[in-house]
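Written below as structure tokens is the structure these notes are about.
Whatever order the structure lists ligands and atoms in, that order sets their numbers, starting from 1.
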Amino acid sequence: MVQGDNGGRYPRSPQILQRRLRERQPILRADPPINVSTLQHIPGTFDVLPDPTGSPGAFQAPAAAWRHVEGVVRELAARYGFEEIRTPVLEPTDLIARGAGATSDIVTKEMFAFEKGDTAYVLRPEVTAPVMRAYLEHRLDQRGGTQKLFYIGPCFRAERPQKGRYRQFHQFGTETLGASDPRADAECIAFMVAVYRTLGITNTRLRLNNLGDAEDRRAYRNALRAFLAPHAAELSETSRQRLETNPLRILDTKLDHERRLLEGAPLLPDYVGAEARAHFDEVKRLLSALDVAFEEDPALVRGLDYYNRTAFELESPDLGAQSALGGGGRYDGLAQAIGAAQPVPAVGFAAGLERLFLALDATGATLPAAPRPDVFLVALGDGMAARVFLLAERLRAEGLHATYDLRGASMKAQMREANRQGAPLVLIVAKDEDEAGVVGVKDMASGVQENVAHASLLDALHARLSS
Ligand code: HAM
């Protein structure tokens, strides 16, 4: 028997239970359950409920609102010709480390990584490297043409949770693989903007930058390092480290004195070669032709190392500190960084669904609530519960949303439940009437109740529901 702390019989507290789990000891049937008041989701994660009202641990938008937003993403993706891809939540750690870049915050600080046997796993912190892995592994290029893919799904980053920043969050995004044409860059930005526009989120700011190609960035990195080196002592510890590993990330600093220091720094666009410059000019021209407003920001660098040429971020001033709704860019070098022999020109973006909901909330939009039943069936009298069970199933087979009480409650309590669920019609299935071939149909709005013959029940329900 596993020993607890109380005389060697049962574990006394949830802590002991957790220790058992940690040490992979069995939990015994005799163990007392964890007190329900200590049951809690992991901070930085949340439940999506049918109706989250009044539950601080649940995400503010109900499941129906998630379905609605995901529906908008799917519908627009279809119009733009993006096909769905679903990759696993678990990926090899190596893929993410090589893909996102060994010096990125995601890899150095934020991976949920673990080992089992000989394999190192990571809960995916993003979906771009996994999509590229799938493209290369399944030789999707052989389907012909450019692969235009979209996804919606959970990602995981071990960040300090706060409003708009979670440890499990959800991204939607697109990846266009095998296209170097600037139209692919502009198309993916246009798609991203269209999602927010369709949902009525217009208080946004699109920032663009040209990161150039690898050799442009190498030259710029050296110039920036040379500029900052004499000021190294004035930099924060993080920036001092970045000066060594990845000086471009210093441009992202939120510290005022570092921003002042950077005022005279060389600018990345000045180091970009002619080809990358022409590419970026065309992206900008295409966006202007679509009336997609943008600002150029030479200090925009992304938190992942795989980008070249186009980089962009969509922000909302309504989000507070975590202002990025979504972002992305071109990543022509990623395929080779994860082992491909040939480069695969590619561009894409990803956006956080939780932040989208925060921005949607700021617009005052009402989110769709959980669907209400069409009909609530009330059982009255002996044996009628089984009759209601069968009748509900028949109505469902005819396409109606039908439900009933499962507690064996009184007539009054069943009516209360029908009301709570917001059913517009209640079917009162009473023994005598049922034997006489009729059921009562009550219109909850008017309070009017009529008997309807079994044979015409379906027509009667449809007529009332469509009136
Ligand atoms: P990212 O900028 O790291 O890019 O993430 C994209 C979006 O995911 C962010 O703008 C934000 O809305 C959301 N997000 C990121 N971390 C969190 C978090 N901890 N909590 C809530 N939301 C979060 C990428 O992931 C790239 N893979 C985008 C891309 C696709 N580039 C090319 N293709």
Side-chain angles (χ1 to χ4, degrees), residues 42-46 59 69 82 85 87 91 95-96 99-101 104-107 109-112 123-133 135 147-177 179 184-185 187-189 191-192 195-196 201 204-207 209 211 249 252 300-316 318-335 337-338 344-360:
I42 290 189
T45 71
F46 50 78
F59 194 73
V69 168
F82 289 108
I85 182 164
T87 61
E91 289 285 352
L95 171 79
I96 301 298
S104 66
D105 282 353
I106 289 184
V107 171
K109 301 188 208 150
E110 296 166 4
M111 286 201 298
F112 282 109
L123 295 178
R124 66 177 185 196
E126 60 108 44
V127 196
T128 308
V131 167
M132 183 59 91
R133 173 198 53 70
Y135 173 88
Q147 301 304 306
K148 289 175 52 177
L149 304 168
F150 86 95
Y151 49 83
I152 305 176
C155 294
F156 305 81
R157 294 185 193 177
E159 299 190 90
R160 197 166 50 80
Q162 53 186 281
K163 191 177 176 203
R165 181 187 278 177
Y166 310 94
R167 297 191 142 195
Q168 174 171 345
F169 59 99
H170 298 78
Q171 283 191 342
F172 68 95
T174 66
E175 311 295 349
T176 302
L177 304 152
D185 309 41
E187 183 182 59
C188 106
I189 296 173
F191 171 80
M192 174 180 75
V195 170
Y196 293 91
I201 302 167
T204 57
R205 190 163 83 113
L206 176 66
R207 291 186 299 134
N209 194 16
L211 302 182
R249 296 280 294 141
D252 237 4
L300 172 70
V301 281
R302 304 262 308 128
L304 296 134
D305 289 353
Y306 47 60
Y307 293 109
N308 68 313
R309 298 197 174 185
T310 319
F312 55 87
E313 242 164 49
L314 188 71
E315 290 176 349
S316 161
D318 297 327
L319 292 189
Q322 307 306 318
S323 62
L325 285 168
R330 180 160 279 286
Y331 50 96
D332 298 337
L334 174 62
I338 63 170
V344 176
V347 61
F349 84 96
L353 277 167
E354 292 76 9
R355 293 187 192 176
L356 182 153
F357 282 116
L358 294 176
L360 199 56

- Message: Is a donor from one side chain sitting under 3.5 angstrom from an acceptor on the other, for Glu126 and Gln171?
- Response: no
- Query: Regarding Thr128 and Tyr306, is there a side-chain donor-to-acceptor distance under 3.5 Å anywhere?
  - Reply: yes
Any N or O of [X] closer than 3.5 Å to N or O of ligand 1:
X: Tyr331; answer: no
X: Thr174; answer: no
X: Arg165; answer: no

Can you list the atoms of ligand 1 that are under 4.0 Å from a heavy atom of [X]?
X: Ala350; answer: 6 (C), 7 (C), 28 (C), 29 (C), 30 (C)
X: Leu325; answer: 10 (O), 12 (O)
X: Ala324; answer: 10 (O), 11 (C), 12 (O)
X: Thr128; answer: 26 (C), 27 (N), 29 (C), 30 (C), 31 (N), 32 (C), 33 (N)
X: Leu304; answer: 3 (O), 4 (O), 24 (C), 26 (C)
X: Tyr306; answer: 26 (C), 27 (N), 31 (N)
X: Phe349; answer: 29 (C), 30 (C), 32 (C), 33 (N)
X: Gly326; answer: 10 (O)

Protein heavy atom at shortest distance from [atom]:
atom: atom 20 (N) of ligand 1; value: Tyr166 N, 3.0 Å
atom: atom 14 (N) of ligand 1; value: Phe169 CE1, 3.5 Å
atom: atom 19 (N) of ligand 1; value: Glu159 OE2, 2.5 Å
atom: atom 4 (O) of ligand 1; value: Arg302 NH2, 2.9 Å
atom: atom 8 (O) of ligand 1; value: Gln171 NE2, 3.2 Å

- Message: A side-chain contact here means heavy atoms from C-beta on lying under 4.5 Å apart; do Glu313 and Arg302 qualify?
- Response: yes
- Message: So Ile152 and His170, do their side chains get closer than 4.5 Å, heavy atoms only?
- Response: no
- Between Glu175 and ligand 1, which part of the residue brings a heavy atom under 4.0 Å of the ligand: side chain, backbone, both or neither? side chain
- Query: In terms of the angle between their ring planes, are Phe46 and Phe59 parallel, tilted or perpendicular, with boundaries placed at 30° and 60°?
  - Reply: tilted
- Task: Hey, can you tell me if Phe312 and Phe349 have their rings parallel, tilted or perpendicular (30° and 60° cut-offs)?
- Result: tilted
- Can you check whether Thr310's main-chain N or O pairs, donor with acceptor, with Arg330's side chain at less than 3.5 Å? no
- Task: Measure from the side-chain N and O atoms of Arg249 to the backbone N and O of Asp105, and report whether any donor-acceptor pair falls under 3.5 Å.
- Result: no
